[in-house]
Amino acid sequence: MIDLESIHKMWKEDAKINKKLDDASLETPVLHAKYLEIIGHLKMQKRRAENAQKILLKQKWLYYNGKMSQEEIAEYGWDFDPFQGLKVLKGEMEYYYEADTDIQKSEDKIQYIKTCIDTVYEIIENVKWRHQTIGNMIKWRQFEAGV
């Protein structure tokens, strides 16, 4: 799994524009392809994480509603009494779902992947406009040369 730190490290290197502007211009499609590939992988990771969360939510629903067998509960390593002897109303169940560490970890994973996707989208937008930056650099060099 590609992580946010790796994306930042790659972009720190890739964001540099070669002083030979014609080479820099030729690098743009390569960078675009690189980050499109990364975003494709990230989108698939997000989809898999969302599907895994759906399964987890179903399992937790069964668990909290007393519809899971003792063997299954033991298999997951969960506490046999999720409410520790308390009587819980149906309207209070949301508090237990929100406080469940397994569900929180699953949600954190999805949010992390979304952050990675957002970061790569920003990078792709920057790459799309790289030609503009290169064009401005060329104009500045022409101005300095008195052309």
Side-chain angles (χ1 to χ4, degrees), residues 1-65 67-68 71-84 88 90-147:
M1 180 174 130
I2 190 158
D3 62 356
L4 193 57
E5 186 178 333
S6 299
I7 293 169
H8 285 184
K9 195 178 284 186
M10 281 188 290
W11 181 240
K12 194 175 275 188
E13 285 302 311
D14 292 340
K16 296 174 186 170
I17 294 179
N18 190 336
K19 289 187 180 181
K20 288 185 70 184
L21 297 178
D22 54 336
D23 288 344
S25 184
L26 293 173
E27 291 169 357
T28 301
V30 174
L31 290 176
H32 193 264
K34 175 182 177 178
Y35 288 99
L36 275 180
E37 183 178 341
I38 291 170
I39 208 161
H41 289 295
L42 287 169
K43 284 181 176 182
M44 291 308 299
Q45 285 178 4
K46 179 178 164 256
R47 184 73 181 144
R48 284 191 293 273
E50 288 170 340
N51 287 339
Q53 185 179 47
K54 288 174 185 175
I55 292 168
L56 175 65
L57 289 172
K58 178 187 173 201
Q59 292 166 338
K60 288 294 183 168
W61 183 87
L62 292 170
Y63 171 64
Y64 283 119
N65 287 286
K67 299 178 188 296
M68 188 175 269
E71 294 82 29
E72 289 174 304
I73 294 171
E75 186 180 313
Y76 289 116
W78 297 339
D79 189 1
F80 290 110
D81 182 11
F83 306 114
Q84 293 147 359
V88 179
K90 191 175 183 179
E92 298 172 330
M93 289 301 292
E94 195 63 32
Y95 295 115
Y96 285 89
Y97 291 122
E98 290 175 359
D100 189 284
T101 55
D102 294 327
I103 294 172
Q104 288 174 347
K105 287 176 189 172
S106 176
E107 187 60 35
D108 286 347
K109 182 178 182 178
I110 292 169
Q111 290 304 318
Y112 182 81
I113 295 170
K114 285 180 180 179
T115 301
C116 291
I117 289 170
D118 291 344
T119 300
V120 176
Y121 267 129
E122 288 294 322
I123 291 169
I124 289 172
E125 283 302 309
N126 190 288
V127 169
K128 283 182 186 177
W129 289 97
R130 191 179 183 111
H131 71 281
Q132 197 73 16
T133 304
I134 293 169
N136 288 341
M137 292 170 77
I138 291 169
K139 289 176 187 171
W140 180 253
R141 286 183 182 174
Q142 287 174 337
F143 172 74
E144 285 183 325
V147 176

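All residue numbers refer to positions in the sequence shown, counting from 1.
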Using side chain to side chain donor-acceptor pair (under 3.5 Å) as the criterion, list what pairs up with Tyr63, not counting sequence neighbours.
none

Just checking, any donor-acceptor pair under 3.5 angstrom between side chains of Asp100 and Tyr64?
yes

Please step through side-chain contact (heavy atoms from CB on, under 4.5 Å) for the pair Leu4 and His8, ending with a clear verdict.
CA-CA 6 Å; Leu4 193 57; His8 285 184; 3.8 Å; yes

Would you check if the distance from the ring center of Trp61 to the ring center of Tyr97 is below 6.0 Å?
no

Pairing residues for His131 by the ring-ring contact (aromatic ring centres under 6.0 Å, His included) criterion, not counting sequence neighbours:
Trp129

Salt bridge (Lys or Arg N to Asp or Glu O under 4.0 Å) between Glu13 and Lys9, worked out:
CA-CA 7 Å; Glu13 285 302 311; Lys9 195 178 284 186; over 6 Å; no

Short side-chain to backbone donor-acceptor contact, Gln104 and Glu98, under 3.5 Å:
yes

Flag this pair as yes if the NZ/CZ of Lys60 is under 6.0 angstrom from the six-membered ring centre of Trp78 and inside a 45 degree cone about the axis; otherwise no.
yes

Examine the side chains of Tyr112 and Asp3 and answer whether a donor and an acceptor come within less than 3.5 Å of each other.
no

Charged N to carboxylate O under 4.0 angstrom, Glu144 versus Arg141?
no

Ion pair Lys54/Glu50, N-O distance below 4.0 Å:
no

Checking side-chain contact (heavy atoms from CB on, under 4.5 Å) between Ile113 and each of Ile110, Thr115, Ile117, which is the one that passes?
Ile117

